[in-house]
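Computed from heavy atoms alone, side chains included, the values below leave out hydrogens, waters and symmetry copies.
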Amino acid sequence: MSTRHLPPPSPTHYDAPPPLLITVTDLPGTALVLHLDGEIDQDQRGALENALEEAVEACPPRLVVDLSGLTFCDSTGLNALLRTRLAAHAADIDLVIAAPPAQVRRLLDITGAGHVLTTCASVRAALHDHGTNRPLPREGMPPCRAG
């Protein structure tokens, strides 16, 4: 397992929100986990899109995007997740959204994106292989809600 932090973008002005911190954890042969901390809006768009594109290019069996550290997400983040879903599907990668906070769950529900994105309550649940009903790393994880 390896973990790395992607550099946050430089704030463009003094009132800028805290930068989006992206931590990438590689579980070789199992999954790539992107943990997002902070806010996703237009200012953070480039860093998020680059990280998601690199994750798909790495071609893991499963890509887990952990949203548990998000404090805010607007349509910029939703758009990036939906584009990543298409790219992951084309590359035969399972994309799972883990631990979306209440604000993001509401965004998914209002837009209908919750019907096309697979979401799980935790990273642990997201690592469960619900397609074959066998766990990737461990037994006893809660099921996901497939979109």
- Heavy-atom closest contact (His128 atom, Arg62 atom, distance): O-NH1, 2.6 Å

- Query: Between Leu34 and Thr23, is any pair of side-chain heavy atoms under 4.5 Å apart?
  - Reply: no

- Message: So Leu20 and Glu39, do their side chains get closer than 4.5 Å, heavy atoms only?
- Response: no

- Should Leu82 and Phe72 be counted in the same cluster of Ile, Leu, Val, Met, Phe, Trp and Tyr side chains packed under 4.5 Å apart? no

- Item | Separation of Leu52 CG from Leu81 CG (nearest 0.5 Å) | 6.5 Å

- Message: What's the separation between atom CG in Leu127 and atom SG in Cys120, rounded to the nearest 0.5 Å?
- Response: 8.5 Å

- Task: Sequence neighbours left out, what passes side-chain hydrogen bond (donor to acceptor under 3.5 Å, both in side chains) with Arg83? Give chain and number order.
- Result: Glu49, Asn79

- Message: Could you tell me if the side chain of Val33 sits less than 4.5 Å from the side chain of Leu27, heavy atoms only?
- Response: yes

- Item | Atom of Ile22, atom of Ala47 and distance for their closest heavy-atom approach | CD1-O, 3.7 Å

- Item | Atom pair CG (Leu32) and CD (Glu54), whose distance is rounded to the nearest 0.5 Å | 10.0 Å

- Task: Would you indicate whether the side-chain heavy atoms of Leu78 and Leu108 approach each other to under 4.5 Å?
- Result: yes

- Atom pair CD (Glu53) and OG1 (Thr84), whose distance is rounded to the nearest 0.5 Å: 7.5 Å

- Query: Is any side-chain heavy atom of Thr30 less than 4.5 Å from a side-chain heavy atom of Pro61?
  - Reply: no

- Message: side-chain contact (heavy atoms from CB on, under 4.5 Å), that's the test. Do Arg85 and Leu117 meet it? Break it down for me.
- Response: CA-CA 7 Å; Arg85 176 187 165 270; Leu117 292 169; 3.8 Å; yes

- Message: Grouping I, L, V, M, F, W and Y whenever their side-chain heavy atoms are under 4.5 Å apart, do Leu95 and Val116 come out in a common cluster?
- Response: yes

- When every non-hydrogen atom of His35 is compared with those of Ser68, the smallest separation belongs to CE1-OG, 3.2 Å

- Query: Do Leu63 and Asp94 come within less than 4.5 Å of each other through their side chains, counting heavy atoms only?
  - Reply: no

- Under 4.5 Å between any side-chain heavy atoms of Val56 and Ile93, yes or no? yes

- Task: Determine yes or no for a side-chain-to-main-chain donor-acceptor pair under 3.5 angstrom, with Arg45 supplying the side chain and Ile40 the backbone.
- Result: no

- Message: Test side-chain contact (heavy atoms from CB on, under 4.5 Å) on Ile97 and Thr118; report intermediate values, then the result.
- Response: CA-CA 6 Å; Ile97 308 304; Thr118 299; over 6 Å; no

- Flag side-chain contact, heavy atom, 4.5 Å: Leu67 against Cys73: no

